[in-house]
Every structure is written in C-alpha cells, then in structure tokens.
Amino acid sequence: MPEPLFPEQETPIDPDMEVVGRRDFFMTRRADRTLTWLAAQVELQSDVKLNRSHLIRAMTLLLSQCDQELIRQIGAVKLPPRYQNGNARAQDVFERKLAAAMSRAVRLVGPMDANA
C-alpha cells in the first residue's frame, strides 16, 4: 500500500469540522461579485485551489479569535439602527461601519496562530 500524500488525512475527522450542509444568508449582488472575484483572484495569483466557502469559513475563524475585541469595537461605533429592507444606502452605511469595526478588532488582537 503506497504512503498517503498527506498523512494527516488518516487522522479521524473532528465531528465539529465536518461540513453540515448549506446555510442560507443574503448577499447583495455587489457583495456576491466581490466574494466571487476575491476567491478567483486568490486562486489565480497564489495557485491555491480556493472557493467562496473557504473564504467565509476562514473569515469566521479569524473573527472568532477576536470575539471580545470585536464586541468592544462594534459597541464603540455608533452603528445606525438596523436598516429597513429595501434601503440600500442605509445597508451600505451599516455594513461599512461594521467592516471598519471588524478591521480594528483584527488589528488590535494581532495575527492568528494557524496551529491553534
């Protein structure tokens, strides 16, 4: 029997790491295009096979490592009240302020340990 190319694949899978299925969430056309473009650019320029789900799961890991700072940063920003459906401008303002708070939280916490 040949040696596996990736010996770590013989390790039993952690049940928390198994893909459980699709999760539905809404994205604007612009956000969907941006996510698709980003995945394609990273794949093209880094020669790493990547899809949108990889990016979303990685972003979830990144944000979870700085959860307390993220909560502080979001709380410190005067986010507009939740926008009403159909108010694209209010949605954009809300999400840009949220993204800025996320960016500050990640910077303040520092690099994520890939082995943790």
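Computed from a predicted model, the values in this text were never measured in an experiment.
Going from atom CD of E95 over to atom CE of M102 covers 9.0 Å, rounded to the nearest 0.5 Å. Atom CZ of F26 and atom CG of D32 lie 13.0 Å apart (nearest 0.5 Å). Here the CG atom belonging to L63 is positioned 9.5 Å from the CG atom belonging to D67, to the nearest 0.5 angstrom. Note that the CE atom of M112 and the OG atom of S64 stand 6.0 Å from one another [nearest 0.5 Å]. Atom CD of E43 and atom CG of L50 lie 6.5 Å apart (nearest 0.5 Å).
Put simply, W37 and L44 are part of two different groups of oily side chains (I, L, V, M, F, W, Y) that touch within less than 4.5 Å, one to the next. The hydrophobic clustering, which links ILVMFWY residues whose side-chain heavy atoms are closer than 4.5 Å, places M27 and L38 together.
Legend: residues meeting side chain to side chain contact (heavy atoms under 4.5 Å, CB included) with R30, ordered by chain and number and at least two apart, are T28, R33, T34, D92, R96. Residues satisfying the side chain to side chain contact (heavy atoms under 4.5 Å, CB included) criterion with I71, sequence neighbours excluded, are Q68.
The two residues A39 and R52 come nearest to each other via the heavy atoms CB-N, 4.1 Å. Looking at every heavy atom in both residues, L35 comes nearest to M59 through CD1-CE, 4.3 Å.
Applying side chain to side chain contact (heavy atoms under 4.5 Å, CB included) to L98 and the options L70, I74, V93 leaves one that passes, I74.
Using a distance-only test at 3.5 Å, with no hydrogens or angles considered, a donor-acceptor pair links the side chain of Q65 to the main chain of G110.
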